[in-house]
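Only one structure is covered here, and it is reproduced in the block below.
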Amino acid sequence: MNKFILTAATVLAGASAFAHEEHKAGDLVIDHPVARATPANAPVSGGYMTIRNTGEEADRLMAGAADFAGKVEIHEMVMDGDVMKMREIEGGVEIPAGGEVVLKPGGLHVMFMQLDQQLEEGAKLPATLTFEKAGDVTVTFNVESLEQIREHLGGGMEHGSMDQ
């Protein structure tokens, strides 16, 4: 019986390590915010999440800020001929009424730039996302490996394989 209880407790503890809280702001639900773990001295990292809009009006993710990054931008991956490039999205990303937007590797993402520390797996880092209507929302980004992020959100290319 003790082995069963110990096994159950271990499984539950492991599951809670992968659980992510939802953040709510007005009609927006920000689910599973994660940042990519970085090697030492890496200057950038990506932030990913799903943003659902339960309201009847669109909102827009405009900007971000984080104490661990000198600059935070909203980026997208685009094809330029045969080359995948990353660029800042001027004016932000629309979150349609009754819809959702998934920020994931190889697509839309938050770009944490000018990092002042290594982002280590397991860390929890607060950042602020600024929305046109919902305003400033403090979100905790769980730092995960690229493999863990893809497991939850899917996604394509790594930042290291593109022209920045």
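Hydrophobic clustering, with ILVMFWY side chains joined whenever heavy atoms are under 4.5 angstrom apart, keeps V29 apart from V139. Using a 4.5 Å cut-off between side-chain heavy atoms of Ile, Leu, Val, Met, Phe, Trp and Tyr, with links allowed through other members, M111 and M84 fall into the same hydrophobic cluster. Put simply, M62 and V110 are part of two different groups of oily side chains (I, L, V, M, F, W, Y) that touch within less than 4.5 Å, one to the next. Cluster annotation: I89 and I51 are assigned to the same hydrophobic cluster (Ile/Leu/Val/Met/Phe/Trp/Tyr, side-chain heavy-atom contacts under 4.5 Å, transitive).
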Practice item. Could you walk me through whether F131 and I30 pass side chain to side chain contact (heavy atoms under 4.5 Å, CB included), step by step? Key: CA-CA 12 Å; F131 293 90; I30 302 163; 3.8 Å; yes
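Partners of P96 by side-chain contact (heavy atoms from CB on, under 4.5 Å), not counting sequence neighbours, listed by chain and number: E94, V101. Residues satisfying the side-chain hydrogen bond (donor to acceptor under 3.5 Å, both in side chains) criterion with D82, sequence neighbours excluded, are absent altogether. When the salt bridge (charged side-chain N to carboxylate O under 4.0 Å, His left out) test is applied to E76, the partners found at least two apart in sequence or on another chain are R87. H75 meets the ring-ring contact (aromatic ring centres under 6.0 Å, His included) test with H109; sequence neighbours excluded. For A25, the side-chain contact (heavy atoms from CB on, under 4.5 Å) partners two or more places apart in sequence, or in a different chain, are A134, V137. In this view, A42 and T38, P39 satisfy the side-chain contact (heavy atoms from CB on, under 4.5 Å) rule, not counting sequence neighbours. Residues forming a side-chain hydrogen bond (donor to acceptor under 3.5 Å, both in side chains) with T50 (at least two apart in sequence, or on another chain): none. With sequence neighbours excluded, the residues forming a side-chain contact (heavy atoms from CB on, under 4.5 Å) with E57 are K133, listed by chain and number. For F141, the ring-ring contact (aromatic ring centres under 6.0 Å, His included) criterion is met by F112, not counting sequence neighbours.
Applying the salt bridge (charged side-chain N to carboxylate O under 4.0 Å, His left out) rule to pairs touching residues 62-75 yields K71-E73, sequence neighbours excluded.
In this structure, I74 and L108 have side chains that are not in contact, with every pair of non-hydrogen atoms separated by 4.5 Å or more. In this structure, the side chains of T138 and H23 stay at 4.5 Å or more apart for every pair of heavy atoms. Contact of the S45 side chain with the L115 side chain is registered, since non-hydrogen atoms from C-beta on lie closer than 4.5 Å. In this structure, V143 and K124 have side chains that are not in contact, with every pair of non-hydrogen atoms separated by 4.5 Å or more. Taking 4.5 Å as the limit, some side-chain heavy atom of P105 sits within range of a side-chain heavy atom of L146.
The number of heavy atoms from other shown groups lying within 6.0 Å of CG (N41) does not exceed 12.
Residue H32 is tested with M49, E144, E22 for a side chain to side chain contact (heavy atoms under 4.5 Å, CB included); the sole match is E144.
The line from CG of L61 to CG of L129 is 5.5 Å long, rounded to the nearest 0.5 Å. The structure places NZ of K24 at 10.0 Å from CG of D31, a figure rounded to the nearest 0.5 Å. Atom CD of Q118 and atom CZ of F68 lie 13.5 Å apart (nearest 0.5 Å).
Here the closest heavy-atom approach between residue L119 and residue A35 is recorded as CD1-CB, 4.3 Å.
Within the 3.5 Å criterion, the main-chain N or O of I95 finds a donor-acceptor partner in the side chain of N53. Not a single donor-acceptor pair under 3.5 Å links the side chain of R36 to the backbone N or O of G46.
Using a 3.5 Å distance cut-off with no hydrogens or angles, the side chains of D136 and T130 do pair a donor with an acceptor.
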